[in-house]
Amino acid sequence: MENKQYLLDQRYLKMAAIWAQNSYCKRRQVGAIIVKDKMIISDGYNGTPSGFENICEDENYKTKPYVLHAEANAITKVAKSNNSSDGATLYVTSSPCLECSKLIIQAGIKRVVFTDNYRLEDGIDLLRRADIEVVQVEIDA
């Protein structure tokens with residue numbers, strides 16, 4: 001069963017990586033998929049809020065402060081639907097930051113699977129403190 005879960009984790013992370021390609025951000029493209037009962041209930045990628053220009057960085061190549069992370073987009077998208085993320089798994093191409101980790105906890109997500117490490121570990125530390133399962137998985141080519 002463990003091997004089957006690993007294969008599923010890899011497949012969903014590959015989907016998140018493909019979804020990240022929708023991002024207009026130049027510095028880093030991140031994708032997220034929320035899965036519950038083997039169904040994708042939401043998805044997201046990093047970018048500006050709806051109705052804003054699709055430019056994530058300023059003239060100094062710094063990310064604009066109002067850019068939303070992929071996890072935040074996926075969680076707010078599921079909040080607008082008839083689905084519940086309670087007990088779900090979040091697949092994301094980069095480990096969550098502290099702010100996204102707070103949203104993950106409040107959304108009732110119980111498992112987070114990611115590939116790349118974010119520059120700070122405080123988000124992962126908070127998730128573990130909240131007894132959320134955190135798994136780093138490399139994507140096979």
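Because the structure is predicted, anything quoted here is derived from the model rather than measured.
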Taking only residues two or more places apart in sequence, or in another chain, which ones meet Ser23 in a side-chain hydrogen bond (donor to acceptor under 3.5 Å, both in side chains)? Asn46
Which pairs with one or both residues in residues 16-26 pass salt bridge (charged side-chain N to carboxylate O under 4.0 Å, His left out), sequence neighbours excluded? none
Kindly state each residue pair satisfying salt bridge (charged side-chain N to carboxylate O under 4.0 Å, His left out) with at least one member in residues 118-131, sequence neighbours excluded. none
Gly87 and Lys110: which non-hydrogen atoms are nearest, and at how many Å? CA-CG, 3.6 Å
Could you list all the side chain to side chain donor-acceptor pair (under 3.5 Å) pairs where at least one residue sits in residues 53-68, not counting sequence neighbours? Arg27-Thr63, Glu53-Lys64, Glu53-Tyr66
Using the test side-chain hydrogen bond (donor to acceptor under 3.5 Å, both in side chains), find all partners of Gln10 that sit at least two apart in sequence or belong to another chain. Tyr6, Asp140
If hydrophobic residues (ILVMFWY) are linked whenever their side-chain heavy atoms come closer than 4.5 Å, directly or via other members, who joins Ile41 in its cluster? Val30, Ile34, Ile75, Val78, Leu90, Val92, Leu98, Leu103, Ile104, Ile105, Ile109, Val112, Phe114, Ile124, Leu126, Leu127, Ile132, Val134
Any non-hydrogen side-chain atom of Thr89 less than 4.5 Å from a side-chain atom of Gln5? no
Going from OG on Ser94 to CG on Asn117, what distance comes out if it is rounded to the nearest 0.5 angstrom? 7.5 Å
Name all pairs fulfilling the disulfide (SG to SG under 2.5 Å) condition that reach into residues 33-106, sequence neighbours left out, sorted by first residue then second. Cys25-Cys56
Residues passing the salt bridge (charged side-chain N to carboxylate O under 4.0 Å, His left out) test with Glu133, sequence neighbours excluded, are Arg111
Residues that Lys102 engages under salt bridge (charged side-chain N to carboxylate O under 4.0 Å, His left out), provided they are two or more places apart: Glu99
side-chain hydrogen bond (donor to acceptor under 3.5 Å, both in side chains) partners for Thr93, two or more places apart: none
Residues clustered with Tyr45, ILVMFWY side-chain links under 4.5 angstrom: Trp19
A quick test of your reading: do over 12 heavy atoms of other residues, nucleotides or ligands sit less than 6.0 Å from CD of Gln106? no
Heavy-atom closest contact (Gly123 atom, Ser101 atom, distance): O-OG, 2.9 Å
Closest non-hydrogen atoms of Ile40 and Met15, given as atom of the first, atom of the second and distance, are CD1-SD, 3.6 Å
For residues 69-86, which residue pairs qualify under side chain to side chain donor-acceptor pair (under 3.5 Å), counting only residues two or more places apart or in two chains? Asp43-Lys77
